[in-house]
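See below for the structure under consideration.
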Amino acid sequence: MSARASTVTLRAPRAADRTRVAKMVEATGVFRPDEVDVALEVFDDAVAQPGVDYHALGAYDDDRLVGYTCYGPTPCTVHTWDLYWIVVDPAAQRLGVGQSLMAATEDAIRDRGGRLVVVETSSRADYGPTRAFYEALRYGRAAHIPEYYAPADDLIVFAKQLAPPTAETAPYG
Ligand SMILES: CC(C)(COP(=O)(O)OP(=O)(O)OC[C@H]1O[C@@H](n2cnc3c(N)ncnc32)[C@H](O)[C@@H]1OP(=O)(O)O)[C@@H](O)C(=O)NCCC(=O)NCCS
C-alpha cells in the first residue's frame, strides 16, 4: 500500500470502519490495551452521534481507512478543542497523511468557532516521532507533568492557536 497524502480522500468514517480502526491503533504499538479500548469507545461515539461529544475524520486510500482523527470541544472552556486521537496506519506513515488529516481537522475546528487546539501525549521514547509530528505542525509545548501516566512516563501537552477565520472562512458571516 502506498497511500500518499495526495491520493487519499478525507471524509467522515463509518461504523463499518471499526475493525480497521482497531487494527491500526494496535499496529502502532504505542498504545496499551486499555488505551485501545478507549480509542474504540471514542470512535464508536463519534460515528454513532457525530458532533455530540466527538467528531471524527477518516483518510481513505480508495475505500480503505488508513488514518483518522477524533476531536471535540473541551468541556468548560470557551472555544478550546481537544484532539483526542490521531492514528495513521504504520504502512502509510511518513507520506503526509497525518498532516492532511490535521489540516482538515483544524479547518473543521476553526469553522465551528474553535480557537485553540490542545493535544496530550507522552514523554516516552517510542512517542518521539509523535512529538516530532506535532512540532512539525507548529504545536508548541504548553505543559509537562512528570510521571503523569506512569513512572517515567510524563504528560506533554501541545497546543496551537488557530488563526482567526477570514471573511472567506468565517462560518457565520
Ligand atoms: C503521529 C502520526 C499520526 C503521524 O502521521 P504521519 O502520516 O506519519 O505523519 P506525516 O507523514 O504527515 O508527517 C508530517 C511531518 O511530521 C514529522 N514526522 C512525522 N513522523 C515522523 C517521524 N517518525 N520522525 C520524525 N518526524 C516525523 C515530519 O516533519 C513530517 O514531515 P516530513 O515527512 O516531510 O519530514 C503517526 O506517526 C502515528 O499514527 N503514530 C502512532 C500513533 C500516535 O502516536 N498518535 C498520537 C497519540 S498522542
Side-chain angles (χ1 to χ4, degrees), residues 1-13 17-46 53-62 64-74 80-109 114 116-150 152-160 162:
M1 175 174 46
S2 62
R4 302 204 70 81
S6 55
T7 65
V8 299
T9 53
L10 304 178
R11 64 171 187 264
D17 295 317
R18 189 180 203 272
T19 308
R20 280 289 301 149
V21 168
K23 284 209 170 85
M24 288 192 303
V25 172
E26 284 167 7
T28 64
V30 293
F31 300 113
R32 294 186 311 264
D34 59 304
E35 293 177 299
V36 175
D37 291 345
V38 173
L40 287 171
E41 278 172 30
V42 172
F43 177 80
D44 288 344
D45 205 4
D53 290 318
Y54 306 113
H55 301 253
L57 182 66
Y60 291 83
D61 182 19
D62 288 328
R64 181 180 167 85
L65 188 75
V66 294
Y68 78 101
T69 58
C70 279
Y71 56 98
T74 310
T80 296
W81 285 60
D82 268 297
L83 176 73
Y84 291 112
W85 231 276
I86 178 168
V87 167
V88 172
D89 185 330
Q93 287 182 7
R94 214 59 203 271
L95 296 170
V97 175
Q99 193 162 9
S100 296
L101 274 167
M102 286 299 290
T105 296
E106 289 171 8
D107 283 348
I109 291 172
L116 179 68
V117 184
V118 172
V119 53
E120 299 182 356
T121 193
S122 159
S123 66
R124 280 183 356 224
D126 54 347
Y127 276 96
T130 303
R131 296 190 297 274
F133 172 73
Y134 293 130
E135 279 163 350
L137 272 54
R138 300 179 183 277
Y139 281 72
R141 290 183 186 230
H144 183 163
I145 303 181
E147 313 220 316
Y148 177 85
Y149 292 111
D153 188 356
D154 304 353
L155 167 68
I156 313 266
V157 180
F158 284 93
K160 182 176 183 176
L162 298 181

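First listed ligand is number 1; within each ligand, the first listed atom is number 1. This one's a predicted model, so the numbers in the text were calculated from it and none came from an experiment.
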Fill in the blank from the handout: For atom 38 (C) of ligand 1, the closest protein heavy atom turns out to be Gln93 NE2, 3.3 Å
Exercise for the section: For residues Phe158 and Tyr139, establish whether the separation of their ring centroids is below 6.0 Å. Expected result: no
Practice task
Starting from atom 12 (O) of ligand 1, find the nearest protein heavy-atom neighbour and note its residue, name and distance.
Solution key: Gln99 N, 2.8 Å
Handout entry: Sub-4.5 Å side-chain heavy-atom contact between Ile156 and Tyr127
Key = no
Practice task
Taking the side chain as every heavy atom from C-beta outward, state whether Tyr60 and Pro13 have any pair of such atoms under 4.5 Å apart.
Solution key: yes
Fill in the blank from the handout: atom 4 (C) of ligand 1 has as its nearest protein heavy atom Phe133 CD1, 3.5 Å
Completion exercise
The protein heavy atom nearest to atom 7 (O) of ligand 1 is Gly98 N, 2.7 Å
Problem - Straight-line distance of Leu162 CG to Leu116 CG, nearest 0.5 Å - result: 7.5 Å
Exercise for the section: Have a look at ligand 1 and work out which part of Trp85, if any, has a heavy atom under 4.0 Å from it: side chain, backbone, both or neither. Expected result: neither
Handout entry: Side chains of Phe31 and Val38 in contact at under 4.5 Å (non-hydrogen atoms)
Key = no
Exercise for the section: Among all protein heavy atoms, pick the one closest to atom 29 (O) of ligand 1 and tell me residue, atom and distance. Expected result: Ala136 CB, 3.3 Å
Problem - Region of Leu95 that comes within reach of ligand 1 [heavy atoms, distance under 4.0 Å] - result: backbone
Handout entry: Side chain proximity check, His55 to Ile109, heavy atoms < 4.5 angstrom
Key = no
Practice task
May I ask you to test the Glu35-Val30 pair for a side-chain heavy-atom distance under 4.5 Å?
Solution key: no
Handout entry: Heavy atom of Tyr134, distance to ligand 1 below 4.0 Å
Key = yes
Practice task
Taking the side chain as every heavy atom from C-beta outward, state whether Val157 and Arg141 have any atom pair closer than 4.5 Å.
Solution key: no
Exercise for the section: May I ask you to test the Trp81-Thr105 pair for a side-chain heavy-atom distance under 4.5 Å? Expected result: no
Handout entry: Nearest option to atom 47 (C) of ligand 1, as decided by whichever heavy atom of Tyr68, Phe31, Phe158 sits closest
Key = Phe31
Problem - ligand 1 contact on Val88 by region, counting heavy-atom pairs under 4.0 Å - result: both
Exercise for the section: Distance to 0.1 Å, residue and atom name: give those for the protein heavy atom nearest to atom 23 (N) of ligand 1. Expected result: Pro129 CB, 3.2 Å
Handout entry: Option nearest atom 3 (C) of ligand 1 (shortest heavy-atom distance, choices Val119, Ile86, Thr69, Thr130)
Key = Ile86
Problem - Atoms in ligand 1 with a heavy atom of Tyr127 nearer than 4.0 Å - result: 44 (O)
Handout entry: ligand 1 to Val87 polar contact by distance, N or O atoms, under 3.5 Å
Key = no
Practice task
Indicate whether atom 34 (O) of ligand 1 is within a distance of less than 4.0 angstrom of some protein heavy atom.
Solution key: no
Handout entry: Identity and distance of the protein heavy atom lying nearest atom 11 (O) of ligand 1
Key = Gly96 N, 2.8 Å
Handout entry: From the candidates Gly128, Ala132, Ala103, the one that places a heavy atom nearest atom 25 (C) of ligand 1
Key = Ala132
Problem - N or O contact, Arg94 vs ligand 1, cut-off under 3.5 Å - result: yes
Practice task
Decide whether the shortest distance between a heavy atom of Glu135 and an atom of ligand 1 is less than 4.0 Å.
Solution key: no
Handout entry: Student check: side-chain heavy atoms of Tyr68 and Met24 closer than 4.5 Å
Key = yes
